[in-house]
Structure formats: C-alpha cells, structure tokens
Amino acid sequence: MKSSALLLGILLAWLSQGASAAADRIVLPADIVPLHYEVAVAPDAAALNFTGSVKIDIEVRQATSRIELNAADLTFSHAALSGVAQEPQVAFDASEETATLAFAAPIAPGRYVLSIDYAGKINNNAAGLFYLDYDAAGGKKRALFTQFENSDARRFVPCWDEPARKATFTLTVTVPSDEMAVSNTPVASSETMAGGSKRVRFAETPKMSSYLLFFGLGDFERISRTVDGVDIGVITKRGDTAQGQYALDAATQILPYYEDYFGTKYPLPKLDLVAAPGLSQFFGAMENWGAIFFFERDLLLDPKISTEDDRQGVFLTVAHEMAHMWSGDLVTMDWWDGIWLNEGFASWMENKATDRFNPAWNVWLGAIGSKERAMRVDSRAGTHPIVQPIHDVLQANEAFDTITYSKGMSVIRMLENYVGDDAWRAGMRTYVQKYAYANAVTDDLWAEIEKSSTVPVTEIAHDFTLQEGVPLIRVAALPHAISLTQDRFAVDDSGKAPTAWRVPVVEKALGGKGEWRELVSRDKPAVITLANGAVPIVNAGQAGYFRTLYDKTLSARLAAHFRALAPIDQLGLLNDERALGYAGYEPMTDSLALIGRARAGMNPQVLSDVAGQIAALDVLYRDLRGRAALRAYGLRVLRPLFTKVGWNAKPGEDANTALLRSDLLAALNQLDDPQVIAAARSRFAAFVNNPASLTGDLRSSVLDIVAAHADAASWEQLHSLAKSAPSSLEKRQFYLLLGQAHDRALAQHALDLALGDEAPVTMRPALIRSVAEYFPDMAFEFAVAHAEAINAMLEPDSRNEFIPGLANVSHDPAMIAKLDAYAGAHIPATARQMTVKVEASVVYAAMVRDKRLPEVDAWLKRHR
Ligand SMILES: [Zn+2]
C-alpha cells in the first residue's frame, strides 16, 4: 500500500513494552486450513449490494465441531459441508468479524468443501467492495472496486482473512456485458447471459493472502504492452488512456529491473495498473497481485494540471507497488507485526528503482525528507519500534504509519550501505526464493542477508528495529582527531531512558579521498585521526539513521564550509541543525545562520529544504509579535532565490528546478509576500479568460496562492470552476483549493461544503483536511461537532485517525483536553495512537513557541 495521507499515525509507547506478541493475537483457530476458494459474485451496482457464493476446499487437521472464519457485514442464506448431511448453525460475532459454523457432531480430520451462499453491501468508501461515481460524457457513471488490506476481504467473501492463511482463488463474476471486469489474473472465459449480462471467470491465482484479491468493474479502457512475456496494462475510465501512457512506460522499465534484482520472474501472466476516480484518507495505491489499484492522482498525468511533483510521484508509486509484487505478494509477512517488511522495503525499493531510471531527479536527496519525517515522530512521545506487537485488526490499521514506511525505508538503506549493494541483493534473492508463495518473519530476512554479508548485520538490525528512538552521535574535536560517542536524540521525556545502538557511521574529511566506517555504540566510542583544522563530515552520504551533534568548534568549521559540502550532506546538516536547535541541544541561531548561507544556484533540493524551513518557522510564529521580523528575514533569503528561477520555466531546465520554483512560491505564499500575491492574481485573471494560459506546475502554484489569499469573489470563482471541472482530477484540485483560504469565513464555507452533497463524496473529508492545514482548531471542532456524518464518509480504517489528525499543526495547549475528550468518547482504547501522536506534536509546537522563538527574535534583531 502507498499512503496518501499527510498525517499518519504512530503507536502508543505501551505497545513497545514488549508484550509477547503471538500469545496476544486475535486470530482464527489453526485447526482448519483453507486451500482453495471458488468465489462467485453478482454485484447490483444500482442497489449497492451483491450476492455471492463460495466453495472453500479446506483441510481439517484436528477433529472439531466448529468452523470459525472471518465475515463482516455479510448475511448467509445457506451453509453446508461436503459429506455432512446436517446443516450447521451459524453465529456471527460483529466485533470480532467472524462467523462460526457449529455442527452437532465433530468433523473428522480430512479434506472437505465448505459451501456458503451469502449477500453483502457495496460501500461508499474504500473497504471491501465499494463504488466511485464520476461525471462522464454521457452523464453520471458508477465504477466498482475492492480494497481488502488489511482486513476487509471478509466484507467480500467469508474467508480466513489473515496474511499467513494463503490459498488459491478462482473468481467468477456476473456483470453487465458492456462493462470491463478486472481481477488478479486474466479472463479465462466469458459467457453471454440473458438480460444484457455476462459471466466472467478469471484464471486461478497463485497461492496468496486474502488481502491481495481484487475485483474491479466499470466502463473502462485498457492500453497494454508485453514485456518479458508479461502483458502489462493500464486500465482507466473510458477516454483517459492517454493519461496512463506515462505509467505504462514506467512499468515497462521497472518490471525487468525487478525480475533481475529479485532473481525471480514476475509470477503472473499479466499485470494491470488500475486507475480509479476519487481518493481515500488512508491510502493512494494498493498492491493487489497482478491488479494494482491506484487513485487516479497516483497513476494518471493530465498535461493540463499535473505538476513535476505529480510526475515523479507517479513513477515512485508505480515502483513502490510493483516492488510489492515480490516483497509482500510473493513473500508475505507472517502477521501484521511484520508489515514493515512489506512497506519499509517497498519504500526503499521505490527510490532505488526510480533512481536507476531517472538519475537527474536525485531521489535519494528527496528520501532525506522522508527520513526526516520519521525522525521527527521517532524522537517524541508516541513512537514505537519498527517491529511491534500487533494484537488485532484495529492495531494493524495504525501500523501503516511513518515509522513503518519511512523509518523502515531509512534503516534498510543504512543496512544496505553497511553490508554493500551486492551482498544485500544476494541476500534478498535467496530470501525471496526461499519464502516464495509463503510467509516470513523479519529474522528470516536478516538470516539470509547475514549469509551473503562479510559483516554481521542481525545485531545492528535488531538495535534499529526492535527498539524505538533516534540515536545521537556526538562529535568532538580532539588534537589531531575527533571522537564519536553515542547518545539518544529526543525532544521530550520519551528519550530519557538510555538506549544503546550499534550505529554504522561513515565519516569523511571535506576534500579528502578516503572514508572511515565505524560501528559506534554507547560502550564503544570511536576516535578518528584527522589533520588539525580538517572539516569532518559525519554520516557522509546521509545513509545513517541518526542525528549528528558537532561541538562548537566543528560546528562553526562546517558552517563556514557549508557551500563546499556535497548537496546531500548540506541537506543532512540543515536538518540536523534545525532539529537540534528546536529541541534545545544547541542554539537556534546555528540553524538560522546556516539557512542564511543559501545562495541562488545551489542544488535545488537543498534550496527547497531552506524554503520549507522558513515556511515552517512562519507557521510556528502565528499570532506572535516577532512574526514580522521573521518574514522580513525570510523574504531577504528567499526572494533572490526566486528571482534566479523566475516564474516561467526556462528551456532545458532540469526537473528539480521546477520543484524548487513550486516550493519557493509555496514558502513566499506562506510569508504573505505581496509581490508574489499580486503577480499570482494577475495570472489568475488571465487564466479565467483563457484557461490554457496556465498549465502544470505554474497553474498549481498560482491557484494555491490565489486560494490562500482569496476574497469572497475569487473564492466563488474557484468554487464555480470546481463545479464545472470536466475531470475528477481537476475537480479534486479545485475543491481542495476551497479549503485553503486564510479568511476564516471562507474556510467555514469550505467546511460547510464538506457536509453537503455537492462535492464528490470521497473529496469531502479531504476538504476538511485542507482547511485543517491553516485552521487546525476550527477544522477539528467542526469535525467533532459533526463526527457522525464525517465518520460515515470514511473507510473504517481511517475513522480512529481522521478527526484527531486534523489537530496536528495546532500549537494550542488547550487542544490536548479537547483531543482527550474526543478520543474518550469516540475511539476504542486500543486505537488511540494517532491521538497520542497529535498530542505530542501540539505539546512540542507549544514548547518551541515558548522556549525557542524568543532566541530567534533576539537573533533576528541582531541581523536586521
Ligand atoms: Zn506499500
């Protein structure tokens, strides 16, 4: 899965207190093994329900008189077991989402066929079988899709809905004959029925987990290409195939690369990338085996509105989901506590594959931002180890978070860098071959890597995956040397307990040729000989997951040579200095002085980071007197950078300069720069008369600025553009703009729109989230007041996270009590991780405002 949400949850500290995981899991009894499902489904898209029947080949391993399996929101009309004359009694447990079939006499061990006829619902959000409505040339249309991760296959078919219960599936669907049906495997047969319908039977799947089954239906078109004998397709709504060409090209490049990397052929005859109109608050794409689901924004490019960020995002997302075809689908984690094996790995691989085919994008510099987000969460209350006990499905939902994805990715990158590319890949290959069509636990991976590596890796891997937190490497100047010692970085009491890691550290001297590689730990500091006056770069290349704190002497030396550092090390230094300053490890002024060293012409990703840091400071300065001084300083740093890149792309400009232009405009927009606002307004006026006058990145930036500073008239203009937008991608863009207004009354209008039925249903929660970026308190209170209506729009996976998440950028300490009150009334005690995380974020922002911003005020006064 690839997350789309800006705010992803983290887990409660108590989860990390080492509960014995396996014993506490809520899972189905192991005495019955599903082998094959023969599923037949007939959806009624208009009535929003479906009928189904399933025949499951099972093996009973121990005599039992009860068969328990998963079922949610399903009703059974008939159930029978082959060779057993008596019909079983069926009992449902709605909270456990199970059905139990009780027989009068025990069933002897052996093979049976369990048959169930049932009916279910078609949902309005991405859980189980769900619908998405959209406007098409001929009027409103409805398409159907399924979304089962992590545990919603049970809403589609009664099944053993756990990742380790792998089985084969054969799906047959009865559908309108003029629509296209899609599943994991190619169509094996299609037969015309009476009344304008057809019965489509798909080929049997390989042995796989239930959460990977997929079914899609609609007025679709498909473009395709055969690569290495695999039929790769992109499936879109009728008329949109041109927008899928880029993704098809990407998939064509990526497939042979992965086959080579994993040393294993792609295991299915076809691979479809399926685009769906709409969005989810929980995810952007899902790796159903052979039929990857994407919300349109993550797969399609519309030259009119798509930005460079969208383009790179599509490549990365396609690469992420395709990596899952091996890591996740072919080899699957044994239980949800190993979800990081799927997600951390795919997040790392998406960068590796994207970098291979688009070296100019420098995606590893971009990945520093992802590591930074992980470290932010990992250094305060509410963090958890990468590998964590997962008790039940609710907790599994919450595991799809920044730690799982971004820390997972960063730790894999660090370990690959430590053992070397070749050894890592050799280990990956044997791991995939050994556990193909089966399940694995994290230690199975380490065991294979260990075999191919010349250095031990398991202990280091355990340090970083089984314990939470961010290591801190303190670097001190000695005569002719530097010393490295290991500590822990934390912004609150979460880091009080001393924690030991074996930290792989790479050091270089600026301008020097060689590098040092050390394993630094609490009881084993390192001393590295270095010429006096040399400039040491610790964590050179930034593959390490830790923060670096230089002493005063070294810090000053690095700052003085900042522009001579490699861009990735400039980024690393900027991020470390910012985090260390905010947390009080060193003066904020070091970070501010470093920002001041930014110059036009430096690496665009480094300058984007500078722009982001200034904008983030401005957010913290909300309603404070010092804000004007910060803004004056921000404009002094950012305007020259913007003057150099300008409003319009230059011929032959590199992709990342387009990203920098957008990031600078976003920061200047945040600073309310009057020059930028005026220029954007005049471009918008021209756009209203001639929509072709703005496309892609510039269109997106101009609309953002106009929306943020909208008055009632321009807000209404955007509103009517939203209503009349011809495509769902454009609709999405305009509706989300309506939530960005900095005018309180207009923001309230946007919130009210989210409760009405004008905007497409999946965009309504996103509209509330859009308001929350500027008015977190207002959006949160609005959502609490209408919790029932809003939660009904969300897939169950999002319900415990969405409303607390709205408060994430609040800095008002009074928010804590409000969050507690909401969680106490609406969120089960085992699912309040997002609430804990948001509370930690609010407390931290309030602390920075209170303790650090006065330092910034003083520094700004001195540097007026
Ligand atoms: Zn994923």
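Since the structure is predicted, the reported quantities are computational estimates derived from the model, not experimental observations.
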K.L.:
Under the side chain to side chain donor-acceptor pair (under 3.5 Å) criterion, do His320 and Glu287 qualify, and how do the steps go?
P.N.:
CA-CA 9 Å; His320 178 107; Glu287 67 269 21; 5.7 Å; no
K.L.:
Out of Phe283, Tyr134, Phe145, which one pairs with Phe295 under the ring-ring contact (aromatic ring centres under 6.0 Å, His included) rule?
P.N.:
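Among Phe283, Tyr134, Phe145, the one that satisfies the ring-ring contact (aromatic ring centres under 6.0 Å, His included) with Phe295 is Phe283.
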K.L.:
Using every non-hydrogen atom in the two residues, find where Ser209 and Lys166 come nearest and quote the distance to one decimal.
P.N.:
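What the structure gives for the nearest pair is OG-CE, 3.6 Å.
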K.L.:
So, for Phe215 and Phe202, is the gap between ring centers shorter than 6.0 Å?
P.N.:
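Judged by ring-centre distance (under 6.0 Å), Phe215 and Phe202 do not meet the cut-off.
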K.L.:
Measure from the ring center of Tyr211 to the ring center of Trp289 and say whether it is less than 6.0 Å.
P.N.:
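No, too far apart.
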K.L.:
Would you confirm whether Gln86, through its side chain, and Ala104, through its main-chain N or O, come within 3.5 Å as a donor-acceptor pair?
P.N.:
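Confirmed, Gln86 side chain pairs with Ala104 backbone.
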K.L.:
Without swapping roles, check the side chain of Ser306 against the backbone of Asp302 for a donor-acceptor pair under 3.5 Å.
P.N.:
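Side chain of Ser306 to backbone of Asp302, a donor-acceptor pair under 3.5 Å: yes, one is there.
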K.L.:
Mark yes or no for whether Asp240, through its side chain, and Gln243, through its backbone, hold a donor-acceptor pair below 3.5 Å.
P.N.:
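Answer holds: no.
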K.L.:
Quick one: does any side-chain atom of Asp272 pair with a main-chain N or O of Val274 as donor and acceptor, under 3.5 Å?
P.N.:
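No; judged by distance alone, with no hydrogens or angles, the pair does not exist.
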K.L.:
Holding to side chain to side chain donor-acceptor pair (under 3.5 Å), I want the full list of residues that pass it with Glu68, two or more places apart in sequence or in another chain.
P.N.:
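Listed in chain order: nothing, the list is empty.
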K.L.:
Glu221 side chain to Gly239 main-chain N or O, any donor-acceptor pair under 3.5 Å?
P.N.:
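Flag set: sc Glu221 to bb Gly239 pair under 3.5 Å.
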K.L.:
Over 60° means perpendicular and under 30° means parallel, so classify the ring planes of Phe262 and Tyr258, tilted if in between.
P.N.:
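Perpendicular: the ring planes of Tyr258 and Phe262 meet at over 60°.
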K.L.:
Taking CZ in Arg238 as the centre, count heavy atoms belonging to other residues, nucleotides or ligands within less than 6.0 Å. Is the count above 12?
P.N.:
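More than 12 within 6.0 Å, yes.
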K.L.:
Considering the options His324, Met286, Met322, which one meets the side chain to side chain contact (heavy atoms under 4.5 Å, CB included) requirement together with Ile292?
P.N.:
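Among His324, Met286, Met322, the one that satisfies the side chain to side chain contact (heavy atoms under 4.5 Å, CB included) with Ile292 is Met322.
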K.L.:
Is the backbone N or O of Thr168 less than 3.5 Å from a side-chain atom of Thr205, with the two atoms forming a donor-acceptor pair by type?
P.N.:
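Side chain of Thr205 to backbone of Thr168: no pair is present.
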K.L.:
Between Thr174 (side chain) and Arg199 (backbone), is there a donor-acceptor pair under 3.5 Å?
P.N.:
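Looks like no, no N/O pair under 3.5 Å.
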K.L.:
Just jot down the side chain to side chain donor-acceptor pair (under 3.5 Å) partners of Gln253, sequence neighbours excluded, or say none.
P.N.:
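Side chain to side chain donor-acceptor pair (under 3.5 Å) list for Gln253, sorted by chain: empty.
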